[in-house]
Amino acid sequence: MISWSRYFIPTLKESPADAEIASHRLLIRAGLVRKVGGGLYAFLPIGLRVMRKLSQICREEMERAGAIELSMPHLHPAELWREGPRWPAAREIMFRADHAGAGRRGGGEPEFVLGPTHEEIITPLMKAEISSYRDLPKNFFQIATKFRNEIRPRFGLMRAREFVMKDGYSFDADDAGAMRSYGAMKEAYGRFFARSGLKAVVVEADTGVMGGSASHEFMVPAEVGDDDVVHCDACGYAANREKASSGVVAAGAAPAPPAGPTEEFATPGVVTIAALAAPPHGVPAESQFKTLVYMGDGKPFVVILRGSDELEEAKLGGLGFGLWRPATPEEIEPVMGARPGSLGAVRGTIRNPSALAGIFADEAIRLVGNGTTGANRDGFHLRCVNVARDLEITRFGDFRRVRAGEPCPKCGKPLLITRAIEVGHIFKLGTKYSEKYGAVYTDDQKQSHTLVMGCYGIGISRTLQACIEQSHDADGIVWPWAIAPFQVLVCLLDPQAPEAVELGGRLAAAAEGAGADVLLDDRAERPGVKFKDADLVGIPLRVTVGSRGLKEGIVEMKWRNQKEVIKVPLAEAEARIAAAVAGAQST
RNA sequence: CGGGGUGUAGCUUAGCCUGGUAGAGCGCCUGGUUUGGGACCAGGAGGUCGCAGGUUCGAAUCCUGUCGCCCCGACCA
């Protein structure tokens with residue numbers, strides 16, 4: 001039992017100016033964290049208590065699923081990253097950690113980096129330790145601080161530069177084994193979020209820079225989330241928008257026949273889809289081809305979309321480039337022969353087609369059939385361009401961004417889009433890392449094989465905030481029982497009265513005896529202050545001992561998530577509280 | 001990295017346009033009155049107005065630079 005007067009819970013009436021969203025304000029107002037710098041937070045005592053509870057639940061579920069805890073350094077030799085498969089992309093978000101002394105300040109390549117995750121550490125580590133099929137499968141995890149130089153930290157712990165993450169890595173002999181490990185983690189994640197009192201949904205996800213063949217994210221629906229989840233309530237399809245597809249393009253649609261000869265027409269000053277759609281040209285956006293030029297690992301490539309569609313940049317990851325970005329007009333003109341606004345991919349009009357790494361077309365352009373596109377000559381477009389006859393296409397793919405209301409790819413019902421916070425992400429990595437570092441094992445036929453890996457992350461600190469975002473009201477946080485910093489608050493309204501103190505002590509002991517973490521509010525504050533603080537901090541069960549009740553021969557129990565005050569006769573109080581605790585513990 | 005904003009006491013902020021002794025609320029300290037939903041009265045402590053330069057008799061205020069922070073976008077395992 002901890003007494004509030006000797007503890008440290010600095011609550012605030014007003015919220016700091018830089019806290020925009022409810023969970024961020026409450027984190028600070030309820031005294032869980034304080035900002036130390038941009039994207040850097042100190043956990044105050046009750047914030048730390050919640051972190052510990054989340055970590056412990058996570059640990060239990062990992063171990064139940066057969067994963068083994070270990071701990072790796074936060075400071076990584078940059079060498080290991082340079083040898084890895086994603087250094088060019090990953091270094092953009094990494095902190096360098098060189099020797100700070102005047103004598104050896106690093107100007108060039110970093111000597112050390114702060115770990116944003118640990119694939120580059122555990123793969124070479126396990127390369128040395130796992131050599132036989134008898135050692136497999138293995139699944140390791142740690143709960144540790146990660147460092148990522150987010151370009152724009154925001155929303156408190158939601159996107160911080162330093163944060164706590166559970167990261168795990170599985171090693172299997174083959175694909176089937178890796179699938180089993182992946183499945184076990186997916187199940188364990190579901191249990192972790194359920195036990196922690198969060199409503200998280202599983203969605204198909206993009207693998208991004210991680211690489212790998214399959215991926216799911218665990219999402220907490222919330223307006224303030226960074227991600228969009230595309231989902232279908234009819235059949236249960238759910239995917240991150242970056243990954244989601246829709247059924248706008250009927251599978252196996254026959255190519256439209258040419259509608260006539262292609263002809264060029266003058267479009268001076270028309271450099272946008274909207275301008276071409278407006279008078280005098282009046283070409284509807286869905287009848288236009290949108291031609292975008294990107295740089296992939298230093299080489300230009302073209303993406304063609306329907307004029308009315310937007311590119312989903314993450315989908316370019318499937319093309320095999322390590323890094324990609326929009327090309328600049330200066331890079332585009334020598335290759336295409338025109339500047340953005342007059343670009344097209346009609347056969348024969350590209351000035352230097354051999355410079356291109358490919359021309360990739362979104363499936364949806366089949367719906368255009370015969371459309372209008374740039375002539376690769378500034379101020380001119382081409383009409384009656386037939387997809388099959390005229391466009392130079394390396395291959396088709398899904399590159400467009402899904403919009404709400406489009407048909408579900410599985411069942412055809414309208415898709416919904418919801419904002420969400422990503423709290424967990426699992427990847428079936430395959431051999432991307434093990435191959436790079438030469439992590440192999442020998443099977444029972446003396447044959448050497450590459451280890452098949454998976455990696456699994458849960459943002460612990462982000463989960464804490466997502467939980468507040470999901471569970472609060474106008475007065476403060478409403479903690480789920482399992483992760484509440486304290487579960488029972490015994491509130492002494494008259495801490496000077498010896499009989500009240502004695503009674504409060506007994507009630508607190510009863511709650512503690514039943515397994516609850518108990519906080520005793522013995523501060524010399526007015527009742528209003530205590531009630532406001534109790535609601536703000538969000539302790540699930542409040543037991544109030546006050547002179548008014550004592551005259552009646554009762555104490556009060558009140559659940560934070562309910563309105564009613566339950567009056568309990570003094571004689572039953574200890575038993576009733578213990579029973580309430582026992583009931584809450586078992587759910 | 002582009003666009004916008006902002007920096008005044010621990011927190012929330014007024015003053016800045018139009019230059020002239022830096023103000024309030026919360027919090028804190030002392031005393032008193034209060035005591036079931038963030039009390040009241042009286043007194044008090046606390047500010048190099050982010051930093052550097054400039055203009056001026058005089059700068060929180062105007063100008064330049066710089067740093068931090070915030071928002072939008074881009075970006076984002």
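In what follows, chains carry the letters A, B, and so on, assigned in the order in which the sequence lines appear, proteins first and then strands, with residues in each chain numbered from 1.
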Could you state the CD-P distance from Glu242(A) to C75(B), rounded to the nearest angstrom?
10 Å
Could you walk me through whether Arg339(A) and Glu333(A) pass the salt bridge (charged side-chain N to carboxylate O under 4.0 Å, His left out) check?
CA-CA 5 Å; Arg339(A) 299 176 69 81; Glu333(A) 196 170 5; 3.1 Å; yes
P spacing across the pair U34(B) / C41(B), given as an integer number of angstrom:
15 Å
Which residue, Lys13(A) or Glu20(A), contacts RNA chain B at a nucleotide closer to its 5' end, judged by nearest heavy atom?
Lys13(A)
When you compare A9(B) with C49(B), how far apart are their P atoms, in angstrom units rounded to a whole number?
10 Å
A74(B) C1' sits how many Å from Asp226(A) CG, rounded?
13 Å
Could you tell me how far apart Asp521(A) (CG) and G36(B) (C1') are, to the nearest whole angstrom?
13 Å
Please confirm whether the backbone N or O of Glu242(A) pairs with a side-chain atom of Asn240(A), one donor and one acceptor, at under 3.5 Å?
yes
Kindly say whether Pro73(A) contributes a backbone atom to a donor-acceptor pair with the side chain of His76(A) at under 3.5 angstrom?
yes
Here the pair of heavy atoms bringing Ile477(A) nearest to Arg560(A) is O-NE, 3.3 Å
With rounding to the closest Å, how many angstrom separate the P atoms on U13(B) and C71(B)?
14 Å
Salt bridge or not between Glu120(A) and Arg86(A)? Use side-chain N to carboxylate O under 4.0 Å.
yes
Most 5' of Lys35(A) and Glu150(A) on RNA chain B, judged by nearest nucleotide
Lys35(A)
Write down the distance separating the C1' atoms in G19(B) and U33(B), rounded off to the nearest Å.
46 Å
Write down the distance separating the P atoms in G50(B) and G68(B), rounded off to the nearest Å.
16 Å
Do other residues, nucleotides or ligands put more than 12 heavy atoms under 6.0 Å from Lys530(A) NZ?
yes
Check for a donor-acceptor pair, side chain of His472(A) on one end and backbone N or O of Glu469(A) on the other, with a separation under 3.5 Å.
yes
Answer with yes or no whether Arg159(A) presents, from its side chain, a donor or acceptor under 3.5 Å of a partner atom in the base of C76(B).
yes
In plain terms, say whether Arg419(A) and Asp228(A) are close enough for a salt bridge, that is, a side-chain N and a carboxylate O under 4.0 Å apart.
yes
note: His24(A), atom NE2; C11(B), atom P; distance rounded to Å ~ 14 Å
Roughly how many Å is it from CG in Leu12(A) to P in G25(B), rounded to a whole number?
19 Å
Distance-only donor-acceptor test, Glu525(A) side-chain atoms vs G38(B) base atoms, 3.5 Å
no
Using heavy atoms and a sub-4.0 Å distance, could you list which residues of residues 548-559 of chain A are near RNA chain B? By number, please.
Arg548(A), Gly549(A), Glu556(A)
Counting side-chain heavy atoms from CB outward, which of U34(B), G36(B), U12(B) is closest to Arg526(A)?
U34(B)
Rounded to the nearest 0.5 Å, how far apart are CG of Leu157(A) and CZ of Arg159(A)?
13.5 Å
Report the distance from atom CG of Leu40(A) to atom C1' of C70(B), rounded to the nearest whole Å.
16 Å
Just call it for Arg25(A): base, sugar-phosphate, or nothing, with non-hydrogen atoms closer than 4.0 Å on any strand.
nothing
Mind checking if Gly457(A) touches a base, just sugar-phosphate, or nothing, with heavy atoms under 4.0 Å?
nothing
If only atom types and distance count, is the side chain of Thr431(A) paired as donor or acceptor with the main-chain N or O of Ser434(A) below 3.5 Å?
no
For atom P, what is the distance between C26(B) and C63(B), given to the nearest Å?
35 Å
Could you give the CG-to-C1' distance, from Leu26(A) to C11(B), as a whole number of Å?
16 Å
Determine the Euclidean distance between corresponding P atoms of A59(B) and U55(B); express it in Å to zero decimal places.
11 Å
Send over the distance from Ile9(A) CD1 to G38(B) C1', rounded to a whole Å.
16 Å
With a non-hydrogen cut-off below 4.0 angstrom, is Ser215(A) in contact with a base, only sugar-phosphate, or nothing?
nothing
Distance between P atoms of U30(B) and G46(B) (Å, rounded)
16 Å
For a stem of at least 3 consecutive Watson-Crick or G-U pairs with distances under 3.5 Å, i pairing with j, i+1 with j-1 and so on, which stems involve RNA chain B?
B:1-7 with B:67-73, B:10-13 with B:23-26, B:28-33 with B:39-44, B:50-54 with B:62-66
Given G36(B), C75(B), G38(B), which nucleotide is nearest the side-chain atoms of Thr544(A)?
G36(B)
Taking only the side-chain heavy atoms of Arg154(A) (C-beta and beyond), determine which of G36(B), C26(B), A74(B) contains the nearest atom.
A74(B)
Sugar-phosphate only, base, or nothing, as touched by Ile93(A) at under 4.0 Å among non-hydrogen atoms
nothing
Is there a donor N/O on one and an acceptor N/O on the other, under 3.5 Å, for the side chain of Arg29(A) and the base of G27(B)?
no
Taking all non-hydrogen atoms of both residues, which atom of Phe321(A) and which atom of Phe360(A) are closest, and how far apart?
CE1-CE1, 4.5 Å
Among the candidates A74(B), G36(B), C11(B), find the nucleotide nearest to the side-chain atoms of Pro527(A).
G36(B)
With the threshold set at under 4.0 Å for non-hydrogen atoms, list the residues of residues 529-539 of chain A touching RNA chain B in residue-number order.
Val529(A), Phe531(A), Lys532(A), Asp533(A), Asp535(A), Leu536(A)
Got a donor-acceptor contact below 3.5 angstrom from the Arg29(A) side chain to the Leu12(A) backbone?
yes
Value for CZ (Arg401(A)) from CG (Leu311(A)), rounded to nearest 0.5 Å, stands at 8.5 Å
Take atom CD of Glu502(A) as the centre, draw a 6.0 Å sphere, and report whether it contains more than 12 heavy atoms from other residues, nucleotides or ligands.
yes
